[in-house]
Amino acid sequence: MSLGEITEELIAKGREAFLNEGIEVLLGFEKSSSGFLKPKAFFSPDSLKTLRWDASASTNLAALLPKYRGKKIGILAPGCVSRSLVILINEGQIVREKLKVIGIPCPGVIDRRKLGPLKNSYFLGSKGGKFLLESDNQILELPLEEYLCDCCLSCRYPSPVIYDYMIQGKSREGATDALEGRVKKINSLSEIERLSYFQDQAEKCIRCYACRQACPMCYCESCFVESSEPRWLTAAPTIPDNLIWLLTRTYHLAGRCVECGACEQACPEGVDLMSLLAWAKQTVSQLFNYTPGLEIGERPALGSFSYDDPDFFWGGGLTEEKKCCT
Amino acid sequence: MLYLKLTRKNFLAALESFSDYQVYAPKRTEDKVRLKEITILELPENLQFERCTHSAKELFLPPEETLFYFKRFSSAQKPLLDETKRLIIGLRPCDARALQVLDSNFLQGGFDDPYYRSRRENSLVLTIACREFEKTCFCDALGLGPDLLNGADAIIYDLGDQVGVLAGNTVLAQRLQAFALETKEVENETQVDRGAVPSREVELLPVKSPEEYFPLIFQDKLWEEIESACLGCGACSYLCPTCYCFDITDVNLGPVGKRIRTYDSCMFNMYTLEASGHNPRPTLKERWRQRFMHKFSYIPYLHGLLGCTGCGRCLEACPSRIDIREVVKYVATFTG
């Protein structure tokens, strides 16, 4: 599959969504001045000329949905974005009928952090397991696999779970334990070492909330950090307050995070966010045998209960009549 | 302005006379370079410093500053002023330029900020001329340059085994004079030996006059287009050397409380939210308008200098890779 083909196909499907399905806006990507893709909302079929998708598309487009609330929206969706959409539908944030999903079989996206000093080079494109960067008038051909996000490396659902159109192609195969490995590493630390590890992470945080803004699950109109009654934490980016932010965020995303890694890609300071989120995901998965975002209609792990729950619940022994709030 | 030539050794020796100052210089930890306190002896002999990934703003407008402490039933609190004497070395001309922008707001704009003034007046800022352009730099595209003094106390030019120092601060100049090989009274940077100053062919950004931007306030389509990539985080404003918007909150510490000042960003939905619940800037469209107009129209209109220094930190930090240069160009070509 060459790059030109997927671009043409994308634009064709986008046009179709505008003309036949009557979408008002299409959430996609276009090339930024650094060659890496940046998100973009397209408002007409004629504007689609610049629509692109490649291995530098590290934003989860579902995070842009609240901006266009009420509109009929088209969206490019690799596996993780489609799962975010499923959760948003299940949580009542969007209606399936108002969405036109252009599914993309995802070969994975590049981790900005793994690029190191190369992150300011010009991104030329990706092709067949390789990508090209231009740095100081030199063209570098780099293996995609070595620069993929940990999230993409351990992704078990690279193909969209819901879609209206599907772009031809093959998703990445052979999920590794990259994320699990990070959690394992942290679990193997002593309590003191673990505390100091996360204090170091908190020290880096400047509380710009790029992680929150990049996350499709952080759609609250008013975030707990902004609450003054009660005030959970101060606005100052100190280590204790930053820890409250990072940990509470993790708890709010437990059982909802699809591990797209958009938060980590958005963070300008290199805070280790995914270790916390992957830990939360593992915990939910062990306790409830639940993976978020796979099926429309399923109830969230932490937003539902079952009478067969083996754990102590409401003092136990509910009678039939009292089962009113199913 | 006085221009002095010194050997590196003598320059460092001259700095030692500032022993009552705390010395700050750019220091790398992992992939970040920030201003850290060091001793004069720790200064690199070649006087080369990496460009700070975080701007010098954090020393003048810290991310958190305590304005004063208060107690119940007592009034009239004294401001807690930071009067530490600081020598900050290794900043770049764009950082000095940013301080000029902050000065224009906090010292000259009709409101005098005692906290900022105290930090500013007790600091000596020594910049170094850049030796090359980073990929995200664009000071030259704004008509500024990598070799300008920009109101710093002095700028250091690398001349091989010597250094050239252009000092705008007379006290500093006097102290250096005793160590200098030659000195010369000059009027501007072009009259002095600046060593190998980087230059490149660059297209000037189409920045218009402040008044020309005013009518664009009403062009909703323009701002909608610009904000469509924006996620609404504060990375650009927090790392911007000239973004100075702040928030003031009280922190309850039990029997006492403290009033703190922290950063705010026009990209947040709490920005300019009124107590009634009304926000004159309810969506990113209005917030982007504010961000752009503030830098390129309001600050130039009020204070006569551009609010952007071309440091490129926002380009690097933006999760959506929004390029402010592209925005300036787009605004210039917008016809409605």
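Each chain gets a letter, A, B and so on, in the order its sequence line appears, and its residues count up from 1.
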Q: Report the distance from atom CG of B:Asn252 to atom OG1 of A:Thr234, rounding to the nearest 0.5 Å.
A: 12.0 Å
Q.
Just verifying a value: how many Å separate B:Glu134 CD and A:Asn120 CG, rounded to the nearest 0.5 Å?
A. 8.0 Å
Q. Under 6.0 Å from the NZ atom of B:Lys27, do we count more than 12 heavy atoms belonging to anything else shown?
A. no
Q) With a 4.5 angstrom heavy-atom cut-off, which part of B:Thr262 approaches chain A: side chain, backbone, both or neither? A) side chain
Q. With a 4.0 Å cut-off, would you call B:Lys135 and A:Asp136 a salt bridge?
A. yes
Q. If you count heavy-atom pairs under 4.5 Å between each of A:Phe43, A:Phe36, A:Phe29 and chain B, which one has the most?
A. A:Phe36
Q: Return the minimal non-hydrogen interatomic distance between B:Ile260 and A:Ala236, and the atom names on each side.
A: CD1-CB, 4.0 Å
**Q.** A:Ser56 portion near chain B, given a 4.5 angstrom heavy-atom threshold
**A.** backbone
Q. Would the number of heavy atoms belonging to other residues, nucleotides or ligands and lying under 6.0 Å from CZ of B:Arg200 be above 12?
A. yes
Q: Sort B:Tyr263 into side chain, backbone, both or neither according to what part of it lies under 4.5 angstrom from a heavy atom of chain A.
A: neither
Q: With a 4.5 angstrom heavy-atom cut-off, could you sort out which part of A:Leu37 is near chain B: side chain, backbone, both or neither?
A: backbone
Q | Partner chain A: residue of B:His54, B:Lys285, B:Met267 with the largest heavy-atom pair count (under 4.5 Å) | A | B:His54
Q) Take atom CD in B:Glu132; do more than 12 heavy atoms of anything else shown fall under 6.0 Å from it? A) no
Q. Which answer fits B:Thr249, side chain, backbone, both or neither, if we ask what part of it has an atom under 4.5 Å from a heavy atom of chain A?
A. side chain
Q. Can you tell which of B:Glu64, B:Met270, B:Arg321, B:Glu30 has the highest number of heavy-atom pairs within less than 4.5 Å of chain A?
A. B:Arg321
Q. Is chain A contacted by the side chain of B:Glu326, its backbone, both, or neither, given a heavy-atom distance below 4.5 Å?
A. side chain
Q | Test item: B:Leu231 and A:Thr59 side chains (from C-beta on) under 4.5 Å apart, heavy atoms | A | yes
Q. Below 4.0 angstrom, N of the basic side chain to O of the carboxylate: do B:Glu225 and A:Lys40 qualify?
A. yes
**Q.** Crowding at NZ, A:Lys49 (>12 non-hydrogen neighbours, <6.0 Å)
**A.** no
**Q.** Which portion of A:Tyr68 sits near chain B, non-hydrogen atoms under 4.5 angstrom
**A.** side chain
Q: Identify the heavy atoms of A:Pro39 and B:Ala229 that sit nearest to each other, and give their distance.
A: O-CB, 2.9 Å
Q. Tell me, do A:Lys38 and B:Asp323 make a side-chain contact under 4.5 Å, heavy atoms counted?
A. no
Q | Region of B:Ser320 that comes under 4.5 Å of a non-hydrogen atom in chain A | A | both
Q) What part of B:Asn269 is in contact with chain A, defined as an atom under 4.5 angstrom from a non-hydrogen atom: side chain, backbone, both or neither? A) side chain
Q: Output the option from A:Arg207, A:Glu269, A:Glu221 having the highest count of non-hydrogen pairs under 4.5 Å with chain B.
A: A:Glu269
Q: Write down the atom of A:Ser33, the atom of B:Arg325, and the distance for their closest heavy-atom approach.
A: OG-NH2, 4.4 Å
(Q) On a heavy-atom basis, which atom in A:Cys208 and which in B:Ala235 lie closest, and how many Å separate them? (A) CB-N, 3.5 Å
Q. Measuring heavy-atom distances to chain B, does A:Thr238 have an atom under 4.5 Å in its side chain, in its backbone, in both, or in neither?
A. side chain
Q) Which one, A:Glu30, A:Arg112, A:Lys119, leads in non-hydrogen pairs under 4.5 Å with chain B? A) A:Arg112
Q.
Any non-hydrogen side-chain atom of A:Lys67 less than 4.5 Å from a side-chain atom of B:Glu227?
A. yes
Q. NZ of B:Lys36: more than 12 outside heavy atoms within 6.0 angstrom?
A. yes
Q) Measuring heavy-atom distances to chain A, does B:Cys236 have an atom under 4.5 Å in its side chain, in its backbone, in both, or in neither? A) neither
Q.
Quick check on A:Ile206 against chain B: is it the side chain, the backbone, both or neither that has a heavy atom closer than 4.5 Å?
A. both
Q: Heavy-atom distances under 4.5 Å only: say whether B:Asp250 touches chain A with side chain, backbone, both or neither.
A: backbone
Q: May I ask you to check whether over 12 heavy atoms, not counting those of A:Glu203, lie within 6.0 Å of atom CD?
A: no
Q. Relative to chain B, which segment of A:Arg231 carries a heavy atom at a distance below 4.5 Å: side chain, backbone, both, or neither?
A. side chain
